Undergrad: 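Structure provided below as C-alpha cells; questions to follow.
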Amino acid sequence: MTDTPQVLFKNRRPGETAFLAEYQRSGGYEGLRKAVKMTPAEVRETVKESGLRGRGGAGFPTGLKWTFFPADQLGEKYLVCNGDEMEPGTYKDRELLLADPHQLIEGMLVAAYALQTPVAYVFIRYAYERCAQNLERAIAEARQAGFLGRDILGSGFACEIFVHRSAGRYICGEETALLNALEGLRANPRSKPPFPAVRGLFGKPTTVNNVETLANVQHIIAHGADWFRGLARTESGAGTKLYGLSGHLNQTPCLEAPIGITLRELIQEHGGGVWQGRKMKACLPGGASTPFMTAGQLDVPMDFDTIEKAGSRFGTGGVTVFDETTCMVEATLNLNNFFARESCGWCTPCRDGLPFVSWLLRQIETGKATMDDLQTLRDQLRNITGTSFCALAQGAVGPIESLLRLFGDEVEDHIKRGRCPLKS
Amino acid sequence: MNALLTETQLEEFRTRAAEMPHPRELVIDLLRAIQNNCGWVPDEGVELAGEILGLSPVQVEEVATFYDKIFRQPVGRRVIHVCDSICCWSRGGEQVYGYLQEKLGIVPGGTTADGIFTLLPTCCLGACGEAPAMMIGLTTYGDLTKERINEILAQERQAALSPLPRGEG
Ligand SMILES: Cc1cc2nc3c(=O)[nH]c(=O)nc-3n(C[C@H](O)[C@H](O)[C@H](O)COP(=O)(O)O)c2cc1C
Ligand code: SF4
Ligand code: FES
C-alpha cells in the first residue's frame, strides 16, 4: 500500500499547502529546466510516447491531442486548463491544488512550451476559491523565480498564466462551453468541428486539458516516457492516477495509486471496506456519468480499456460505493436530477428529455409506474442517445442504461409491488 | 444598498478593460465584484458592467442569468448552498437539507426573517470525501452533523452581524 510511488501527491500533508520552497526541495521545476533545453517537438513526442491519457473524463491520449495543435504556427494561440471539476464524485483536482499548486503551474509551463502558447488560462469553479488563491500565489512565486513570464530560464520562451474564476454550472466543464464562458459569453457548448485546436478561445487555436493531465507532464519530461509507462500496472496503461473515494465506505480518502489498481484494493485497502459491516451492491467507478459496476466486478483493473470492457467508463477516477441497502432506482434518480438541473437548455433531448426521465424514475421509485412507463423510459433513452448537442446528456444516460441492464429485476419489483422494495 | 463598486474597483476595471484585447472576459469578475459589495446583482449592476465592457445590458444579462452563483434577486447576507448530489445523498444529505429547513424555519429558496440566511441546493461541491457537505459564502463545510451545523450557523450568524467587511457570498 505504501510502496506506491507518489508523483503528484508527494508533497501532500494534511491541512497544508506546499509552495515554492517545498516544491523545489522535492525536485520541482527540474522538468521545466529540462524541457526548455529540448525542442518543443521533442517535448510533444515524449508526452506522446508516455501514453498519458486525459484525466478529465474522456481519456483522450494527450500526445495525440497535441499533434492536432498548430504549435509551430506563429501568432495568438492558447493553452486552457480545465479546473471546473463539477461531476459528482470527483474531487481529485481540488485535492491536488489544495496540496501542491506548483504541480499544475509547472505542468502548464511545460505544456505551453511544447505547444508554444504564450498565454494560458486556468478555469476554476466557484467552489474552489482556496485553489484559485493557491494558484495565484504559485504563479507569483514562479514569476519571481524566473519560471514564468518573459524569457523563461533564458530560453527566450515567454508565457503568462491567468486564473479565471467561474460562477457555477457543470456544463462549463465541457471544453467548448468552457471557451464561451472564458470569453464572457453564455456558456452553451459550440458545435464541433471546428475543434478548439483549429478555432478555440477568441477564435484562435486552443488546447484544453484537465488539471491532473497537465500536472503529469513535467514528471514525464523529468523522468522519461518509459518511467511513466512503468508506473501503471496494466500493459496498456500509463502513470498513476488520483482516485477519490466516496459513498458507503469506512474511509473516503483521495489517494494516488497506479493505473491498473483493482477496485477491490481501492475499496478494501484504501476505503477500509464497506461501512457498517455491510456488503457492496454497486459502485460508480469514475464519476456520476459512468455506468454502475457491481460487486462481482471488483477485480477489474482501473484503466480505460479494462473498465470499458466491463461495461462502464474509467471517467475521472472518482469511485462512489453503494451498500446493499441502497435502492438503485433512487440512486439513479438522484444522478439524473443532477444532469437535468445542470442541462444548459440548448437542445431538446437534454433540456426536455432528462426531466421526463426523472419523472419516470420517480414514478417507479414511488410505486406509481406501470410496465408501459418502463417501456417509455427505454424509448426516452433511445431518443436521447446520439441526438444531444454535447456529451452531457450522453453522460446522463450511462447510469440509467446500467440500472436497466444490471438491476432490471429491482426496477420491475418496484412496479409489481407498487412500492420501493428496499423501504419498509 | 452599498455602492455597486468602490471608486478603486471602478478605476481598476475601467483600466483593465481599456488595456485588454477582449474586455468581455471580465464579465464574471465584474458581476462577482458587484455581488460581493451588494449581496446580489441589481439591474444597475448589469447596466454598469455593460457600460464598462462595451456591452448592452442584455449581453450581460444572458451571462448573469446562466450561473447559479450569481444572484439577480436579493438574498440573505449568507447564502447556504447544500449539496444534493450523489455522494452527499448517500451519506445523509437529505437529512442535512431537512434539518437546515427546520432549524432556519424556511423552505428551499427562502430567506430567514432577519435577512441573514438564504437556503439553496447546489450540485456537488467537490467535497465528496467529506460528505455530507454545504458551502456558505465561499467556505465549504464537510462531515456535517446536527451539532456541527448548529455551531457553523452560530458562527456564520455572528460574522454576518459583525461590522467587519463581509466575505463574498
Ligand atoms: C458536461 C461535461 C462536463 C465536463 N467537465 C469537465 C471538468 O470539469 N473537467 C475536465 O477536465 N473535463 C471535463 N469535461 C471533459 C472536457 O470536455 C475535456 O474533454 C477535457 O477537459 C479534456 O482534458 P483531458 O484530455 O486532459 O482530459 C467535461 C465534459 C462534459 C461533456
Ligand atoms: S446536451 Fe444538454 S448540456 Fe449539452 S448542449 Fe444539449 S442541452 Fe446543453
Ligand atoms: S456529492 Fe456532495 S460534495 Fe460531491
Side-chain angles (χ1 to χ4, degrees), chain A residues 76 85-95 121 125-131 162 164-172 181-188 201-202 244-248 251-254 275 284 287-288 318 320-323 326 330-331 334-335 337-338 341-342 344-345 399, chain B residues 20-33 35 41 49 53 55 58-71 81 83-91 93-94 120-135 137-140 142-143 167-169:
Chain A
E76 232 182 290
E85 189 159 76
M86 283 180 73
E87 181 151 324
T90 308
Y91 61 102
K92 63 189 181 71
D93 296 341
R94 171 192 190 236
E95 297 301 315
Y121 285 88
R125 68 173 293 188
Y126 184 87
Y128 287 3
E129 178 59 24
R130 268 182 56 214
C131 299
F162 299 104
H164 174 97
R165 288 170 167 81
S166 186
R169 300 311 296 278
Y170 170 59
I171 190 60
C172 293
L182 262 182
E183 288 188 24
L185 302 167
R186 198 172 167 92
N188 298 112
L201 191 62
F202 305 116
L245 306 186
S246 59
H248 297 154
Q251 289 128 36
T252 51
C254 182
W275 73 349
L284 296 163
T320 309
V321 173
F322 302 98
D323 71 22
T326 311
E330 204 185 357
N334 175 284
L335 290 166
N337 283 342
F338 160 78
R341 190 170 73 203
E342 293 301 324
C344 84
Chain B
M20 288 175 93
H22 318 280
R24 190 173 189 152
E25 69 176 277
L26 290 175
V27 63
I28 302 287
D29 283 353
L30 251 168
L31 291 169
R32 285 186 59 173
Q35 180 159 294
V41 181
L53 303 177
L55 302 172
V58 75
Q59 286 174 308
V60 177
E61 182 75 338
E62 67 172 11
V63 173
T65 54
F66 189 80
Y67 293 98
D68 65 321
K69 304 298 187 292
I70 302 283
F71 311 120
H81 277 106
C83 174
D84 61 3
S85 292
I86 191 74
C87 313
C88 289
W89 171 85
S90 77
R91 295 181 78 109
E94 284 178 347
L120 288 170
T122 183
C123 70
C124 177
L125 293 166
C128 321
E130 305 146 47
M134 66 178 176
M135 176 170 73
L138 283 170
T139 309
T140 301
D143 296 320
E168 186 172 354

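Sequence lines set the chain letters: A, B, ... in the order given, protein chains first and strands last, and positions in each chain run from 1. Everything numeric in this text was worked out from a predicted model, so none of it was measured.
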Undergrad: With a 4.5 angstrom heavy-atom cut-off, which part of A:Arg186 approaches chain B: side chain, backbone, both or neither?
TA: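 Looking at A:Arg186, backbone and side chain both touch chain B.
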
Undergrad: Could you grab the distance from atom OH of A:Tyr91 to atom CD of B:Glu130, nearest 0.5 Å is fine?
TA: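 Here the rounded value is 8.0 Å.
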
Undergrad: So what's closer than 4.5 Å to chain A heavy atoms on B:Thr139: side chain, backbone, both or neither?
TA: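 When you check distances to chain A, no heavy atom of B:Thr139 falls under 4.5 Å.
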
Undergrad: When only pairs under 4.5 Å are counted, which of A:Gly318, A:Pro88, A:Ala167 shares the most heavy-atom pairs with chain B?
TA: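 The candidate making the most pairs under 4.5 Å is A:Ala167.
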
Undergrad: Taking CZ in A:Arg130 as the centre, count heavy atoms belonging to other residues, nucleotides or ligands within less than 6.0 Å. Is the count above 12?
TA: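 No, the 6.0 Å shell around CZ holds no more than 12 heavy atoms from other groups.
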
Undergrad: What part of A:Thr320 is in contact with chain B, defined as an atom under 4.5 angstrom from a non-hydrogen atom: side chain, backbone, both or neither?
TA: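 For A:Thr320, the side chain is the part near chain B, not the backbone.
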
Undergrad: Under a 4.5 Å heavy-atom cut-off, does chain B meet the side chain of A:Glu87, its backbone, both or neither?
TA: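 A:Glu87 touches chain B through backbone heavy atoms alone.
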
Undergrad: Considering only heavy atoms and a distance below 4.5 Å, find which of A:Gly345, A:Pro253, A:Ala288, A:Ala187 pairs most often with chain B.
TA: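 Sorted descending by pairs with chain B, the first entry is A:Ala187.
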
Undergrad: Among A:Ile171, A:Leu182, A:Leu245, A:Leu284, which residue has the highest count of heavy-atom pairs closer than 4.5 Å to chain B?
TA: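 Most heavy-atom pairs under 4.5 Å with chain B: A:Leu182.
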
Undergrad: Can you tell which of B:Asp68, B:Asp29, B:Val27 has the highest number of heavy-atom pairs within less than 4.5 Å of chain A?
TA: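 Highest number of heavy-atom pairs under 4.5 Å: B:Asp68.
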
Undergrad: Using the ring of each side chain (for Trp, its six-membered ring), is A:Trp275 parallel, tilted or perpendicular to A:His248, with breaks at 30° and 60°?
TA: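 Parallel, since the angle between the ring planes stays under 30°.
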
Undergrad: Heavy-atom cut-off 4.5 Å, strictly under: side chain, backbone, both or neither for A:Glu183 against chain B?
TA: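 Contact with chain B is through the backbone of A:Glu183 alone.
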
Undergrad: Does any part of the side chain of A:Leu201, heavy atoms only, come nearer than 4.5 Å to the side chain of A:Glu76, both counted from C-beta?
TA: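 No - every pair of side-chain heavy atoms lies 4.5 Å or more apart.
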
Undergrad: Would you verify whether the NZ or CZ of A:Arg125 falls within 45 degrees of the ring axis of A:Tyr128 while also being under 6.0 Å from that six-membered ring's centre?
TA: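 Flagged: A:Arg125 positioned over aromatic ring of A:Tyr128.
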
Undergrad: Quick check on B:Ala64 against chain A: is it the side chain, the backbone, both or neither that has a heavy atom closer than 4.5 Å?
TA: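 No part of B:Ala64 comes within 4.5 Å of chain A.
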
Undergrad: Using a 3.5 Å distance criterion without hydrogens, assess whether the side chain of A:Glu129 forms a donor-acceptor pair with backbone atoms of B:Leu138.
TA: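 Not confirmed, A:Glu129 side chain does not pair with B:Leu138 backbone.
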
Undergrad: Considering only heavy atoms, which portion of A:Ser166 lies under 4.5 Å from any heavy atom of chain B: side chain, backbone, both, or neither?
TA: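 Contact with chain B: backbone and side chain both.
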
Undergrad: Among B:Cys87, B:Cys88, B:Ser85, find the one that has a side-chain contact (heavy atoms from CB on, under 4.5 Å) with B:Cys124.
TA: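 Exactly one candidate clears the test, B:Ser85.
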
Undergrad: Just verifying a value: how many Å separate A:Thr326 OG1 and A:Asp323 CG, rounded to the nearest 0.5 Å?
TA: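 One finds 4.0 Å between OG1 of A:Thr326 and CG of A:Asp323.
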
Undergrad: Heavy-atom cut-off 4.5 Å, strictly under: side chain, backbone, both or neither for A:Tyr121 against chain B?
TA: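 For A:Tyr121, the contact with chain B is made by the side chain alone.
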
Undergrad: For A:Cys344, is it the side chain, the backbone, both, or neither that has a heavy atom closer than 4.5 Å to a heavy atom of chain B?
TA: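 Interface part for A:Cys344: both.
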
Undergrad: Using a cut-off of under 4.5 Å on heavy-atom pairs, state which of B:His81, B:Glu25, B:Met135, B:Glu62 scores highest against chain A.
TA: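 Highest number of pairs under 4.5 Å: B:Glu25.
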
Undergrad: Ring centres under 6.0 Å, that's the criterion: do A:Phe338 and A:Tyr170 meet it?
TA: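 That pair passes the under 6.0 Å test.
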
Undergrad: Is B:Ile28 close to chain A through its backbone or its side chain, or both, or neither, when contacts mean heavy atoms under 4.5 Å?
TA: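 Only the side chain of B:Ile28 comes within 4.5 Å of chain A.
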
Undergrad: Give me the atom names and distance for the closest heavy-atom approach of B:Pro121 to A:Arg341.
TA: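 Where B:Pro121 meets A:Arg341 most closely, the heavy atoms are CB-NH1, 3.9 Å.
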
